[in-house]
Amino acid sequence: MSDKPIYVTQPYLPPLEEFIPYLEQIWESKFLTNGGPFHEQLEKALCEFLGIEHIALFTNGTIALVTALQALRITGEVITTPYSFVATSHSLLWNGIRPVFVDIDPNTLNLDPEKIEAAITPQTTAIMPVHCYGHPCNVDAIQKIADNYNLKVIYDAAHAFGVQDAQGSILRHGDLSVLSFHATKVFNTFEGGAIVCPDAKTKLRIDQLKNFGYVNEITVVAPGINGKMSEFNSAFGLLQLQHIDKALSKRKEIDKVYRDRLKGVPGIRCMNKAGEKVANYSYFPVLVEPDYPISRDELNQKLKGIGIHPRRYFYPLISNYPMYRGLPSANRENLPLATIAAQRVLCLPIYPDLNLSVVEEITTFIKLLTKQTISSTEHHR
Ligand SMILES: *Cc1c(COP(=O)(O)O)cnc(C)c1O
């Protein structure tokens, strides 16, 4: 198929020579971190691009999640999804908070709002949903529950860069939204992250928390952390942002080829749009259902055999990791739909530099397996 292995994603890198002037500026100013000029410019540029008012940049998405919980003084129990990257729940443990897992909606694979209320206890202080694969959560239903029970909502929006619903950025929902700019994400700064905040006062508190709790040269008001994004990463983000539209449209093309060519393949279900007006095509998950001739894991192995490396995002469920599986809410019976999703989902390669011919070969291979296996079973009869 291809000489080099094809991975599920590959970071998008602008031409190196375009980055040199940024580096020269850093070398000249000797401003390396602590809210330098590139940091400030990137915050402005991201607010404009994303259509939001306030953002605080971070060294990575996980420290941003940990800090978001601190900023809102969240304690006790937080309701969250087991169907996510492990950092979602880890950010709770780092704050001494107990995660309470609630099952997902089988169509969106996001936290099912209908199951949240039953999990609320007197210790519950917040809900931490994830816009999984960039598909928006049912934000209205979640907000209604939060209002009724006086809970905060922090969205793990690590997959949702640039996603919009009919009214605007998906990041305006909840009390805070957290982004990741890790190398594997749609928009990357090598490592990086951010908290989207509703007002300047919240941003100020978050900016203090990410800088050890310093308010001024001699005053420290909280046990803050070092979560600052450096000038190197900020500069790279500014450059990336100049290429983001092109990168997103390439992803959109790939998404379309997958959808067109996998349509009607028995046992392969592509996920539908979940209410986004503008999608970011960050992932291409398919569900390998029981009527596909082989299991998800077998398909995964067969694809690896031809040099294609999809990923089983998200398997295992967070609730199955050792530090979580003892929790009452981690019980399989409590999470039947998340358990099924984790058994069936396979994320196929999608990234701007992925050749459309490779996408065509992947889909042909997936289709061919249905025919081959059917004819071989017929042969045995
Ligand atoms: C990537 C990711 C994170 C963590 O972000 P980092 O920047 O890698 O720390 C958190 N949650 C989800 C859902 C992610 O995909």
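Along the sequence shown, residues carry numbers from 1. Since this is a predicted model, take the numbers as computed values, not measurements. In each ligand, atom 1 is the first atom listed, and ligand 1 is the first ligand listed.
Ring geometry for F212 versus Y214: interplanar angle over 60°, hence perpendicular rather than tilted (30 to 60°). Ring geometry for F232 against F19 counts as perpendicular: the plane angle is over 60°, on a 0 to 90° scale with 30° as the lower cut.
Residues I6 and N355 are not in side-chain contact: their nearest non-hydrogen atoms beyond the backbone lie 4.5 Å or more apart. Contact of the F58 side chain with the F181 side chain is not registered, since no non-hydrogen atoms from C-beta on lie closer than 4.5 Å.
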Pick out the protein N or O atoms lying less than 3.5 Å from any N or O of ligand 1, and list each pair with its distance.
residue: ligand 1; atom: 5 (O); partner: S180; partner atom: OG; Å: 3.2
residue: ligand 1; atom: 7 (O); partner: G61; partner atom: N; Å: 2.8
residue: ligand 1; atom: 7 (O); partner: S180; partner atom: OG; Å: 2.7
residue: ligand 1; atom: 9 (O); partner: G61; partner atom: N; Å: 3.3
residue: ligand 1; atom: 9 (O); partner: T62; partner atom: N; Å: 2.9
residue: ligand 1; atom: 9 (O); partner: T62; partner atom: OG1; Å: 2.6
residue: ligand 1; atom: 11 (N); partner: D156; partner atom: OD1; Å: 3.4
residue: ligand 1; atom: 11 (N); partner: D156; partner atom: OD2; Å: 2.7
residue: ligand 1; atom: 15 (O); partner: H159; partner atom: NE2; Å: 2.8
residue: ligand 1; atom: 15 (O); partner: K185; partner atom: NZ; Å: 3.2

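Taking a cutoff of 4.0 Å between a charged side-chain nitrogen and a carboxylate oxygen, D199 and K203 do not qualify as a salt bridge.
Under the side-chain hydrogen bond (donor to acceptor under 3.5 Å, both in side chains) criterion, the residue pairs touching residues 90-102 are Q70-N95, H90-Y324, with sequence neighbours excluded.
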